[in-house]
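In what follows, a single structure is set out as structure tokens and then discussed.
Proteins come first, then strands; the chains are lettered A, B, ... in the order of their sequence lines, and each starts at number 1.
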There are 2 protein chains.
Amino acid sequence: MTLNKNTFIGEYSYTIDAKGRINIPSKFRNSLSKDNKSSLVVTRGMDKCVWVYPLIVWKSIEDELRKLSSLSSINRSFIRNTVRHASITKLDKQGRISLNQNLISFSSITKNALIIGMVNKIEIWDPSYLLKIDNNFNDIDSTQFDELSDKIIL
Amino acid sequence: MTLNKNTFIGEYSYTIDAKGRINIPSKFRNSLSKDNKSSLVVTRGMDKCVWVYPLIVWKSIEDELRKLSSLSSINRSFIRNTVRHASITKLDKQGRISLNQNLISFSSITKNALIIGMVNKIEIWDPSYLLKIDNNFNDIDSTQFDELSDKIIL
DNA sequence: GAATATTACCCACAATTACCCACAATATAT
DNA sequence: ATATATTGTGGGTAATTGTGGGTAATATTC
């Protein structure tokens, strides 16, 4: 038995090389459904990290965006900022993708990078930057988790 | 008659070897439902121990996480910190799982380890560390148990 | 057009992980 | 009690994976 297709969990440490290439963990590669044809969509995350979607998952996000009317300016902004930094890429024969300079500098990645499974997508972080976010996490007011506990049972 | 499937009770003492492998008690293995196909998910516990879930149980947690929108930053943090240390693993032919270095050092396990059934999941502890926690348990104000008594009948 | 930079494709190798077998200790059955 | 099966622990070998670099193809600039 395995996880569902296009499902990612766990954390992995990799390096980005001089050509901007970074490995996708083999467990994540094996998790990709065949209809993706090893195509991924990379874009800016909501945090200062890179988001990586299997193509088939990204397409469903596009479908959601189609539903938003462009009559509303907030909708236009949201669509624009969601899509403008996205690009489609393929795994090379060694299982890597290459990130463009825009995404690399946005996420402040220099050499080392953490790749984290986020269930339906993948995040790529600069390790020291993520550490700061972690500290914030510990500072989160517990009332915020109380709200969550109404939505999720662990 | 036996316990329900994927139900674990009791305590067992094992050793972790140089490759990070540790035995799962045969009683626990026999308790696993067949749909797991001997797959388990290991992750950090809320205490300084390792949590082990039958895959089928973990999947239901994942389904809950999928419902949380990534537009909310608290949701992103929650998902990240819940799944980043999780990984799927299988029992080897001898009935062991291997723990990665991250989990081993998190739980301070060196050689000996206690495996404890927690009904729906399994905990793996460093024996001396658990001893400290036990002492704290004895210090708990009995009023805290009074609160629990409203929720559970023993 | 040529010259340069960028991207894609190929191979190589070290390090890690998965898979296999062996054997001693314990438990179960006859 | 003895024999048989199961269980816990260790180690060796083969396959996979992560990382780097070289070369060819494509795109971009002058």
Please determine if a side-chain N or O atom of A:Ser26 lies less than 4.0 Å away from the OP1 or OP2 oxygen of D:dT16. no

Short side-chain N/O contact from A:Ser13 to OP1 or OP2 of D:dG18, under 4.0 Å: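 No, outside the criterion.
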
Could you please name the option among D:dT9, D:dG8, D:dT17 that lies closest to any side-chain atom of A:Arg29?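 Selected nucleotide: D:dT17.
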
From the list D:dT7, C:dC10, D:dG18, which nucleotide is the closest neighbour of the side chain of A:Arg96? C:dC10

Please enumerate all protein N or O atoms sitting under 3.5 Å from an N or O of nucleotides 5-8 of chain C, with distances to 0.1 Å.
| from | atom 1 | to | atom 2 | distance (Å) |
| --- | --- | --- | --- | --- |
| C:dA8 | N6 | A:Lys19 | NZ | 3.4 |

Knowing that exactly one of A:Ile115, A:Leu130, A:Ile9 qualifies, which makes a side chain to side chain contact (heavy atoms under 4.5 Å, CB included) with B:Arg84? A:Leu130

Output the rounded distance in Å from [atom1] ([X]) to [atom2] ([N]).
{"X": "A:Asp92", "N": "D:dT17", "atom1": "CG", "atom2": "C1'", "result": "13 Å"}
{"X": "A:Phe28", "N": "D:dT17", "atom1": "CZ", "atom2": "P", "result": "14 Å"}
{"X": "A:Asn23", "N": "D:dG20", "atom1": "CG", "atom2": "P", "result": "10 Å"}
{"X": "B:Ile24", "N": "D:dT7", "atom1": "CD1", "atom2": "P", "result": "14 Å"}
{"X": "B:Lys93", "N": "D:dT6", "atom1": "NZ", "atom2": "P", "result": "15 Å"}
{"X": "A:Tyr12", "N": "C:dT17", "atom1": "OH", "atom2": "C1'", "result": "12 Å"}

Any ion pair linking A:Lys67 and A:Glu64 (charged N to carboxylate O, less than 4.0 Å)? yes

With a non-hydrogen cut-off below 4.0 angstrom, is A:Lys27 in contact with a base, only sugar-phosphate, or nothing? nothing

Considering every strand and a 4.0 Å limit on heavy-atom distances, what is the contact class for A:Asp17: base, sugar-phosphate, or nothing?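 The residue A:Asp17 makes sugar-phosphate contact but no base contact.
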
Please tell me whether [X] and [Y] have a donor and an acceptor in their side chains that are separated by less than 3.5 angstrom.
{"X": "B:Asn102", "Y": "B:Arg44", "answer": "yes"}
{"X": "B:Arg66", "Y": "A:Thr7", "answer": "yes"}
{"X": "A:Ser39", "Y": "A:Asn36", "answer": "no"}
{"X": "A:Asp63", "Y": "A:Ser60", "answer": "no"}
{"X": "B:Arg80", "Y": "B:Asn75", "answer": "no"}
{"X": "A:Asn112", "Y": "A:Asp126", "answer": "no"}

Can you check nucleotides 22-25 of chain C for protein contacts, nitrogen or oxygen pairs under 3.5 Å, and list what you find?
none

B:Asp17 (side chain) donor-acceptor with B:Lys19 (main chain) under 3.5 angstrom: yes

